[in-house]
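One structure is given below, encoded as structure tokens.
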Amino acid sequence: MLGRLCPRTARVAHPGEDLPRVLKARLEKLAALKERGIEPFAYSFDVTRHATPSVAAFEEREGEAADGERRRVAGRWAGRVAGFRSHGRSAFADLEDHTGRVQVYFKRDSLGEDSYSLLALLDLGDWIGVEGELFRTRTGQVTILAKDLRLLGKSLRPLPFGKVETDPGTGRAITHSGFADRESRYRQRYADLAVNPGVREVFRARTRIVTAIRRFLDDLGFLEVETPVLQPLYGGASARPFVTRHLALNRTLYLRIADELYLKRLIVGGFDRVYEISKDFRNEGIDRFHNPEFTMLEFYQAFADYEDMMGVVERLMTTAAQAAGGGFGRTFHGVEITLAPPFRRLPFVDSLAEALGTDPLDAPVNVLRARAEEQGAGDLEGAGRGKLLDRLFGELVRPGLVQPTFVVDYPKELSPLAKAKRGEPRLTERFELFVAGEELANAFSELNDPIAQRARFEDQAALRAAGDAEAQMVDEDYIRALEYGLPPTGGVGIGIDRLVMLLTGQTSIRDVILFPTLREAE
RNA sequence: GAGCCGGUAGCUCAGUCGGUAGAGCAACGGACUUUUAAUCCGUAGGUCCUGGGUUCGAUUCCCAGCCGGCUCACCA
């Protein structure tokens, strides 16, 4: 395990310590390089070519009947040495840059004795610059014939490269050995990224998704804003916060658990469409769907209701799916999922009525509690109807929501910030989007009546007093903002990490967060 | 928080029914001027997660702990 290695090997800067052989050997090479007057840590390199596009360009020109000069693909490549095969007076290296790999051929005759002897001081993981020209080897591989070699950055610690083989049948890359230990991969993401191109691709896809969402919202006239991470009161969701302290102000502040209440303040202020892609923080358990800090998209649109927002969410989802690549079809947890709109709509109460065989709004609370306990949901002491219905929904309905489904019209107690449903005051105009049994989005017609909002906050305060630690706090400043006047507004929250998981087929949130939260090592 | 599984060389892993451990790759030395999981010959590399217990002897058995994974609970 790498964790054990660290205490002894972390201090590479002090040669002479009892370092593992591999590090020692590299330090010796470093010394040899300096002795020869070669700077092992260069300042810059003028890159004119990249691996994959240059090979593509070569193959394209090869087909053309142009004259020799125009067909040449020459220049300077830079990358990391990801493979090395030495044959005495010639050698092959795999050079990997951000676009992929290209093979380099070093021949003593064309490189010269001096440069060629430098190869002996190279290691896997070194950054090198190569000047040369593409050609095709006897076995048909497009390869750089190196005319000059420059060391750009010496690698002192061995990267756990696996050997990559191309399956002749499918053409797929098979990696042997490699870097698989999940703990080490998360703790040393830099090494994980360096040796696992598939991991790099997941995070590129993540950025493509986020960029596409930004463009989508920008094009609809939404204004991207930034609201406080440090908040005097936390609200907008039900969760335990991280608590911190500002010394100069001598006051307690909370890391936000949501940005909802601030964004709606901005609608009060007259921005009619706003959004924020924010890091939110919830001081709760960690599992493969939860990380203490995670990325949330919230957007609010004046004059819209939750029906309007369902349409926006459908379009946003398909935009994101296209950005991730791979069309609308997805395999998640071994299940086929189709993200093509329109998504199914399922009333919360109807779904539960069917599962329970009774009307969830009329059934006595003790009956609901008994049914919930039957389902093995323990600790429902003091739980009100809302919490019980939510629990029952989670047990009976939610697991079956595999294809994208908007669950609509939630009970009022569950939704203190949502507007009452037209014609059914016990419900709210709220929807959640479920895919593969997981909640991806949460939205409502926002409650814009300050008097009703105060009453909801007071209901929450009562729940809180009754022992519900997740009930929300009264936010007087938010009420004041509503008193100035909030237009009818539709609002949506989308968990970006979970969306990326779905769209890239990753089964753990840690595989879509570059540096996930872990316990302290050692 | 509970249950199960795991932690052995730089990496991926095997193994020891209790007698201080192996392979492949990586590394080091050598051969090889079109290889591609290069090949061939040789060398070196270990606090077997940590602490305690049992034992003549523990990497192995027992207990506790640490870290990770999975499942469940919690996180609407």
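Numbered from 1 within each chain, the chains take letters A, B, ... in sequence-line order. Computed from heavy atoms alone, side chains included, the values below leave out hydrogens, waters and symmetry copies.
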>> Does a side-chain N or O of A/R182 approach OP1 or OP2 of B/G6 to a distance below 4.0 Å, or not?
In response: no
> Between B/U34, B/C67, B/A26, which nucleotide gets closest to the side-chain atoms of A/L124?
Replying inline: B/A26
> Picking from B/U12, B/A27, B/C74, which would you name as closest to the side chain of A/R391?
Replying inline: B/C74
> Do any side-chain nitrogens or oxygens of A/R138 fall under 4.0 Å of OP1 or OP2 in B/U35?
Replying inline: yes
> To the nearest angstrom, how far is A/D181 atom CG from B/C13 atom C1'?
Replying inline: 12 Å
>> What contact category does A/E439 fall into here, base, sugar-phosphate, or nothing, at under 4.0 angstrom with non-hydrogen atoms?
In response: nothing
>> When you measure from the side-chain N and O atoms of A/R187 to the phosphate of B/G68, is any distance below 4.0 Å, counting only OP1 and OP2?
In response: yes
> To the nearest Å, how far apart are A/R185 CZ and B/G68 C1'?
Replying inline: 13 Å
> Salt-bridged, A/E96 to A/R200, with N to O below 4.0 Å?
Replying inline: yes
> If you check the A/F179 side chain, which of B/U12, B/G69, B/U35 turns out closest?
Replying inline: B/U12
> Using a cut-off of 4.0 Å on non-hydrogen atoms, how would the nucleic acid contact of A/V164 be classed: base, sugar-phosphate, or nothing?
Replying inline: sugar-phosphate
> Using atom C1' of each nucleotide, how far apart are B/G3 and B/U60 to the nearest Å?
Replying inline: 24 Å
> Nearest of B/U35, B/U12, B/G69 to any side-chain atom of A/A180?
Replying inline: B/U12
> Which one, B/A37, B/U12, B/G10, comes nearest to the side chain of A/K163?
Replying inline: B/A37
> For A/K107 and A/S86, take the nucleotide of RNA chain B holding the closest heavy atom to each; which residue's nucleotide lies nearer the 5' end?
Replying inline: A/K107
>> Under 4.0 Å, counting only non-hydrogen atoms across every strand here, what does A/Y186 touch: a base, just sugar-phosphate, or nothing?
In response: sugar-phosphate
> Between A/D192 and A/R189, is the closest basic N to carboxylate O distance under 4.0 Å?
Replying inline: yes
> If you measure from the C1' atom in B/C61 to the same atom in B/U16, how many Å do you get, rounded?
Replying inline: 13 Å
>> Counting only side-chain heavy atoms from C-beta out, which of B/A38, B/A27, B/A76 sits nearest to A/A25?
In response: B/A27
> Is the ring centre of A/F294 less than 6.0 Å from the ring centre of A/F289?
Replying inline: no
>> Is it true that A/Q472 and A/Y234 share a donor-acceptor pair across their side chains at a distance under 3.5 Å?
In response: no
> Whole-Å distance between B/G68 C1' and A/D192 CG?
Replying inline: 15 Å
> Do A/R430's NZ or CZ and the ring of A/Y410 fall within the cation-pi criteria of under 6.0 Å and 45°?
Replying inline: yes
> Taking the nucleotide of RNA chain B with the closest heavy atom to each, which residue, A/H176 or A/D123, is nearer the 5' end?
Replying inline: A/D123
> Rounding to a whole Å, what distance do you find between A/D167:CG and B/A37:C1'?
Replying inline: 12 Å
